Amino acid sequence: MTRFDPRLNRRALFATGSAAALLAAVGVSAQAAPTRGGHLRVALSGGDRTETWLDVPGGRFLQAARHAVFECLTEIAADGTLQPGLADTWTASANGQTWLFDLKQDVNFHDGTMLTSDDVAASLNVHEIIETVTALGRYQVEVTLFDPDPSLPVRLADGGFSIFAASDLAIGDLPMNGTGPYSIKRFDAGRGFLGARVENHRKDGTAGWFETVELIAISDEGVRADALREGFVDAADLSAGHGLDAHDDLELLSENNVVHAAIRTGVTHASRVGSHPLDAMRFATRWWMTT
């Protein structure tokens with residue numbers, strides 16, 4: 001019988017729903033409280049016509065679209081802390097090789113069906129680090145790894161471990177049915193994505209502030225910079241300034257003096273966004289419009 005170590009149990013750090021907790025989670029001050037509304041347009045690199053949602057990790061275009069539509073068992077918040085995602089709690093065996101995940105019981109896919117352990121098992125069993133995923137009842141899964149890994153909950157926050165509907169995976173179709181704040185209105189691999197905010201989503205008031213999110217894959221960096229400069233998009237991933245710092249309505253996002261992106265004034269982002277100013281490609285659910 002597997003013994004589980006309660007010291008490896010993790011729960012939400014910001015579960016109170018208070019304004020202070022929300023602002024801490026998104027990494028901003030009280031003067032910039034999130035507001036709902038607007039249409040976000042972003043030009044991104046990494047478009048590949050052959051990519052599907054199942055490709056890991058995928059280019060930036062695919063990563064950003066996937067984070068808008070699909071969710072993982074865990075999540076790295078904007079302030080860098082590990083948070084529950086589709087799982088409420090998790091517990092590991094003493095050596096970190098077997099894990100129990102208790103799933104949230106109020107999660108719907110975009111077609112209205114409920115998330116269950118069968119969906120999680122079908123989604124995670126394909127990963128090479130995982131030996132088996134077993135559904136234990138409707139809302140609990142047991143994950144057994146080939147090798148012990150005490151950091152598994154952190155790894156599972158990566159978009160490559162997104163949870164899909166088992167019914168989609170069973171018929172070999174391109175999964176289009178997620179649980180995230182945005183449903184797919186249009187997806188053209190390697191070219192464009194349009195997502196619409198899901199009404200009455202369980203994350204209302206904490207994520208998914210834009211009414212719609214549009215992602216455009218543009219391989220040429222100079223063209224992405226021009227699209228931002230000319231007002232065709234609100235943000236773009238970049239590796240240089242391209243003279244955009246001379247425009248009062250634009251802001252360069254940098255880390256360690258290296259430019260990673262630029263955004264238009266009026267798009268608000270977290271003050272701390274982990275390892276990448278595009279919020280690890282989670283900007284669609286975390287940013288908002290202030291004008």
Side-chain angles (χ1 to χ4, degrees), residues 8-12 46 51-78 80-93 96-104 107 109-110 115-136 139-170 172-182 184 203 207 274-276 278-286:
L8 295 178
N9 192 8
R10 299 293 187 269
R11 296 180 181 274
E51 282 185 330
T52 74
W53 298 115
L54 304 179
D55 286 317
V56 180
R60 289 181 176 175
F61 166 79
L62 181 68
Q63 292 175 41
R66 189 163 51 200
H67 279 302
V69 177
F70 303 99
E71 297 178 283
C72 301
L73 290 185
T74 59
E75 180 178 348
I76 303 298
T81 59
L82 179 65
Q83 301 283 318
L86 294 176
D88 266 331
T89 62
W90 48 91
T91 310
S93 61
Q97 189 166 1
T98 303
W99 293 77
L100 287 179
F101 289 87
D102 294 306
L103 307 180
K104 286 182 167 62
V107 178
F109 284 100
H110 296 153
L115 170 79
T116 71
S117 54
D118 290 334
D119 301 303
V120 175
S123 300
L124 296 185
N125 263 321
V126 300
H127 294 281
E128 61 183 21
I129 68 167
I130 295 174
E131 183 174 2
T132 59
V133 183
T134 305
L136 304 177
Y139 297 111
Q140 187 180 68
V141 294
E142 180 182 81
V143 178
T144 301
L145 306 175
F146 284 105
D147 299 299
D149 185 1
S151 66
L152 179 65
V154 176
R155 297 185 68 172
L156 292 182
D158 183 88
F161 292 95
S162 293
I163 303 302
F164 306 102
S167 57
D168 282 354
L169 297 173
D173 198 7
L174 178 67
M176 300 287 281
N177 192 27
T179 62
Y182 292 93
I184 302 169
K203 287 188 174 180
S275 62
H276 194 284
L278 282 176
D279 212 346
M281 310 316 295
R282 292 175 170 86
F283 58 84
T285 61
R286 293 180 176 173

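Residue numbers run from 1 in the order of the sequence given. Since the model is a prediction, treat every value here as computed from it, not as a measurement.
- For T116, the side-chain contact (heavy atoms from CB on, under 4.5 Å) test picks out D118, D119, R138, with sequence neighbours left out.
- Judged as a side chain to side chain donor-acceptor pair (under 3.5 Å), and not counting sequence neighbours, S162 has no contacts.
- With H110 contributing its side chain and G180 its backbone, the two residues share a donor-acceptor pair below 3.5 Å.
- Residues that satisfy the side chain to side chain donor-acceptor pair (under 3.5 Å) test with D102, not counting sequence neighbours, are T89, Q140.
- Every side-chain contact (heavy atoms from CB on, under 4.5 Å) that V154 has, sequence neighbours left out, goes to I76, L82.
- Between R286 and E75, at least one side-chain nitrogen of the basic residue sits less than 4.0 Å from a carboxylate oxygen of the acidic one, meeting the salt-bridge criterion.
- A donor-acceptor contact shorter than 3.5 Å is absent between the side chain of E71 and the backbone of G85.
- Here the closest heavy-atom approach between residue F146 and residue Q97 is recorded as O-NE2, 3.2 Å.
- Checking side-chain atoms of S123 against main-chain N and O of I163 turns up no donor-acceptor pair under 3.5 Å.
- Residue pairs meeting the side-chain hydrogen bond (donor to acceptor under 3.5 Å, both in side chains) criterion with at least one member in residues 143-161, sequence neighbours excluded, are D149-S151, D149-R155.
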Please tabulate, for side-chain N and O atoms in residues 62-70, each donor-acceptor pair with protein atoms closer than 3.5 Å (sequence neighbours left out).
from	atom 1	to	atom 2	distance (Å)
Q63	NE2	G58	O	2.6
R66	NE	G159	O	3.4
R66	NH1	W53	O	2.8
R66	NH1	D55	O	2.6
R66	NH2	P57	O	2.5

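- Closest of all the heavy-atom pairs between F101 and A87 is CD2-CB, 4.0 Å.
- Partners of F109 by ring pair (Phe, Tyr, Trp, His ring centres under 6.0 Å), not counting sequence neighbours: none found.
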